[in-house]
Amino acid sequence: MALLLKGARLLDPQSKIDQSADIIIKGGRIEKIGKRLKIDKGDTVDIKGKIVVPGFVDMHVHLRDPGYEYKETIESGTRAAVHGGFTTVCAMANTDPVIDTGAAVESVLGRAEEEAHCLLFQYGAISRGQKGKHLAEMADMLAAGAIAFSDDGVGVQNDKLMRTAMEYASMLDVPLVLHCEDESLIGGACINEGIASTRLGMKGSPALGESLAVARDIALASLTGCQIHICHISTKETVEVIRQAKAEGVDVTCEVTPHHLLLTEDAIDSTYDTLLKMNPPLRTEDDRLALIEALSDGTIDCIATDHAPHAPHEKDREFDLAAYGTVGLETAVPLLLDRLVASGEISLETLIERLAHGPREVLRLDHIGIEEGSIADLTVLDLKEKVTFDLNYFQGRSKNSAFLDQSAKGCATDVLIGGYWALRDKEVTW
């Protein structure tokens, strides 16, 4: 059976298309694009006034499954992803037990086939138990289906182990996805080191703790020839280190989160709102502006949410004891459309590049485009639709959003995966 989508604006900078047209989807792929198309059998859906773009990918999420299912599960996390407009997510390995063997990778991917609402790829850990002492079974995990390797959540502190990991990853021809922080400089910090940490009397995390660790990993990548991807960069110093490395030909890419693009340390006031406690922390306005510039000029390759669900009791406590992180799968697209695209700080084309194409290129996933023959993984946007992030809005298991009770104009209303509706009129259907 065919599906005909009529009257939408089709937008994909890589496929060089920006026009109002119809799409026929058949056999899971885009069969035809054109004006006034018709089908003999199947469904015809009028989506005039909306924008069809390649399906969005979040290459950095924490699904907490196995071990922390009270925070999130494969089912609830991927439901949240589809609700937020994503066709694909990549889950980090910091679960309990840690995903550090081929059997663990197989277990998650097997369950995902039954439980996931969208496409799910799994990272394997770099080190056994993410303890940073011994290399995990990388070849075994790769054979079992791991997409790449990451110790996100802690970061590998030992230089020798990181070099060895890069040598193995280079030999296996697979990326390392790196959480970069120097724990000797950062350990125990709650907030950016600067005006806010002084004003609020909390231990600060210096920008150097991030940029120094990034510089180390870039130096090791240059030595070993390994492809590396830097997670959730947050400082202008880090931007400059990566920009220079790219100019020198190092195989390095990076991502930024919506909360680092939209918030600064100034949001944290005397109420000590733990929903704003992140790792890396919210930085300064100069950092935020540097991140937006780097996003626009291509220094930053991807936007990723670092979706970090936590139960209420883990956030509802003293700031220095509260868990780090915010949920992001369901707020990212509306916030970026409303706060950055509508304001003119970035273009819609840039947003599509960084949410749809950038992650796929980093992880070497199949190209998805608004073009005939492409797999029909599509996100449909309505720039006029308003959403409010109240507790009833979230479909994930946890609600610890840094943007709780705020509103945004623009969202994903529909998602197709392989030509089938996963989200229809903002309702998860798959």
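In what follows, every heavy atom counts, from backbone to side chain, and hydrogens, waters and symmetry copies are set aside. Note that the structure is predicted; figures quoted are calculated from it, not measured.
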Report task. Answer whether the closest heavy-atom distance between the side chains of Phe149 and Leu142 falls below 4.5 Å. Result -> yes
**Report entry** Taking every non-hydrogen atom, the tightest pair across Asp306 and Asn279
**Finding:** OD2-O, 4.0 Å
Query raised in the report: What class does the angle between the rings of His83 and Tyr393 fall in, given that below 30° is parallel, 30 to 60° is tilted and above 60° is perpendicular?
Result: tilted
Requested in this report: Check whether more than 12 heavy atoms from other residues, nucleotides or ligands sit under 6.0 Å from atom NZ of Lys203, and answer yes or no.
Outcome: yes
Query raised in the report: Is a side-chain donor or acceptor of Lys315 paired with a backbone partner of Ala323 at a separation under 3.5 angstrom?
Result: yes
Query raised in the report: Are Thr284 and Thr264 linked by a side-chain donor-acceptor pair shorter than 3.5 Å?
Result: no
**Report entry** Any Cys254 side-chain heavy atom under 4.5 Å of Ile300 side chain
**Finding:** yes
Query - Any donor-acceptor pair under 3.5 Å from Ser127 side chain to Gly132 backbone - result: yes
Requested in this report: Dump the intermediate steps for salt bridge (Lys or Arg N to Asp or Glu O under 4.0 Å) on Glu114 and Arg111, then the final yes or no.
Outcome: CA-CA 5 Å; Glu114 301 295 325; Arg111 289 179 50 220; over 6 Å; no
Query raised in the report: If we ignore angles and hydrogens, is there a donor and acceptor under 3.5 Å between the side chains of Ser15 and Glu371?
Result: yes
Requested in this report: Measure from the side-chain N and O atoms of Ser398 to the backbone N and O of Pro309, and report whether any donor-acceptor pair falls under 3.5 Å.
Outcome: no
Query - Short side-chain to backbone donor-acceptor contact, Glu75 and Ala116, under 3.5 Å - result: no
Report task. Verify the neighbour count for atom CG of Asp366: are there more than 12 heavy atoms of other residues, nucleotides or ligands below 6.0 Å? Result -> no
Report task. Could you walk me through whether Lys236 and Glu240 pass the salt bridge (Lys or Arg N to Asp or Glu O under 4.0 Å) test, one step at a time? Result -> CA-CA 6 Å; Lys236 62 181 180 181; Glu240 288 308 314; over 6 Å; no
Requested in this report: Return the minimal non-hydrogen interatomic distance between Ala81 and Val89, and the atom names on each side.
Outcome: CB-CG1, 3.6 Å
Report task. May I ask you to decide if Val428's main-chain N or O and Arg79's side chain share a donor-acceptor pair within less than 3.5 Å? Result -> no
Query raised in the report: Can Arg9 and Asp18 be counted as an ion pair, charged N to O under 4.0 angstrom?
Result: yes
Query - Distance, nearest 0.5 Å, that separates CG of Leu378 from CD1 of Ile30 - result: 5.0 Å
Query raised in the report: Do Met166 and Leu178 touch side chain to side chain, with heavy atoms closer than 4.5 Å?
Result: yes
Query - Side-chain touch Asn94/His62, heavy atoms, less than 4.5 angstrom - result: yes
Requested in this report: Apply the test side chain to side chain donor-acceptor pair (under 3.5 Å) to residues Thr299 and Arg243: give CA-CA distance (whole Å), side-chain angles for both, the deciding distance (0.1 Å), then the verdict.
Outcome: CA-CA 6 Å; Thr299 301; Arg243 185 177 280 130; 3.2 Å; yes
Report task. Give a yes or no answer on whether the side chain of Ser150 reaches the backbone of Asp152 with a donor-acceptor pair at less than 3.5 Å. Result -> yes
Query raised in the report: Going by atom types only, do His179 and Glu181 share a side-chain donor-acceptor pair under 3.5 Å?
Result: yes
Requested in this report: Calculate, to the nearest 0.5 Å, the distance between atoms CD and CZ belonging to Glu137 and Arg128 respectively.
Outcome: 7.5 Å
Query - Minimum-distance pair of heavy atoms, taken over all atoms of Val154 and Glu183 - result: O-OE2, 3.2 Å
Query raised in the report: Can you find a heavy atom in the side chain of Leu291 that is under 4.5 Å from one in the side chain of Leu295?
Result: no
Query raised in the report: Is a side-chain donor or acceptor of Thr350 paired with a backbone partner of Ser296 at a separation under 3.5 angstrom?
Result: no
Report task. Could you tell me whether a side-chain N or O of Thr238 sits under 3.5 Å from a main-chain N or O of Ile233, the two making a donor and an acceptor? Result -> no
Query raised in the report: Under 3.5 Å, side chain of Thr257 to main-chain N/O of Ala304, donor-acceptor pair present?
Result: no
Query raised in the report: What closest approach, in Å, do Glu210 and Ser234 show between heavy atoms, and which atom pair accounts for it?
Result: OE1-OG, 2.7 Å
Query raised in the report: Looking at Lys246 and Asp301, does any basic side-chain N land under 4.0 Å from a carboxylate oxygen?
Result: yes
Requested in this report: Could you tell me whether the side chain of Phe394 reaches within less than 4.5 Å of the side chain of Thr331, counting heavy atoms only?
Outcome: yes
Query raised in the report: Where do Pro54 and Leu11 come nearest, in terms of heavy atoms and distance?
Result: CD-O, 3.7 Å
Requested in this report: Return yes if a side-chain donor-acceptor contact under 3.5 Å exists between Tyr70 and Glu314, otherwise no.
Outcome: yes
Requested in this report: Provide the closest heavy-atom pair for Arg339 versus Ser407 in the form atom of the first, atom of the second, distance.
Outcome: NH2-O, 3.0 Å
Requested in this report: Please report the C-alpha distance between Phe403 and His259 in whole Å, then the side-chain angles of each, then the deciding distance to 0.1 Å, and finally whether the ring pair (Phe, Tyr, Trp, His ring centres under 6.0 Å) criterion is met.
Outcome: CA-CA 9 Å; Phe403 303 93; His259 46 275; 7.6 Å; no
Query raised in the report: Salt bridge or not for Asp173 and Arg364, using N-O below 4.0 Å?
Result: yes
Query raised in the report: salt bridge (Lys or Arg N to Asp or Glu O under 4.0 Å) between Glu427 and Arg424: does it pass, once the steps are laid out?
Result: CA-CA 5 Å; Glu427 296 292 332; Arg424 185 76 182 97; over 6 Å; no
Query raised in the report: Between the side chain of Asn400 and the main-chain N/O of Gly325, is any donor-acceptor distance below 3.5 Å?
Result: yes
Query raised in the report: Yes or no on side-chain contact (heavy atoms from CB on, under 4.5 Å) for Leu3 and Tyr420, after CA distance, side-chain angles and deciding distance?
Result: CA-CA 9 Å; Leu3 172 64; Tyr420 291 93; over 6 Å; no
**Report entry** Between Thr73 and Glu69, a side-chain donor and acceptor under 3.5 Å
**Finding:** no
Requested in this report: Please say whether more than 12 non-hydrogen atoms of neighbouring residues, nucleotides or ligands are located less than 6.0 Å from CG in Asp316.
Outcome: no
Query - Flag for His260-Asp287: side-chain donor and acceptor within less than 3.5 Å - result: no
Query raised in the report: Are the ring centres of Tyr324 and His310 closer than 6.0 Å?
Result: no
Query raised in the report: Below 4.0 angstrom, N of the basic side chain to O of the carboxylate: do Asp414 and Lys50 qualify?
Result: yes
Query raised in the report: Taking C-beta and beyond as the side chain, do Ile147 and Leu365 meet within less than 4.5 Å on heavy atoms?
Result: yes
Query raised in the report: Does a side-chain heavy-atom distance below 4.5 Å link Val327 with Leu329?
Result: no
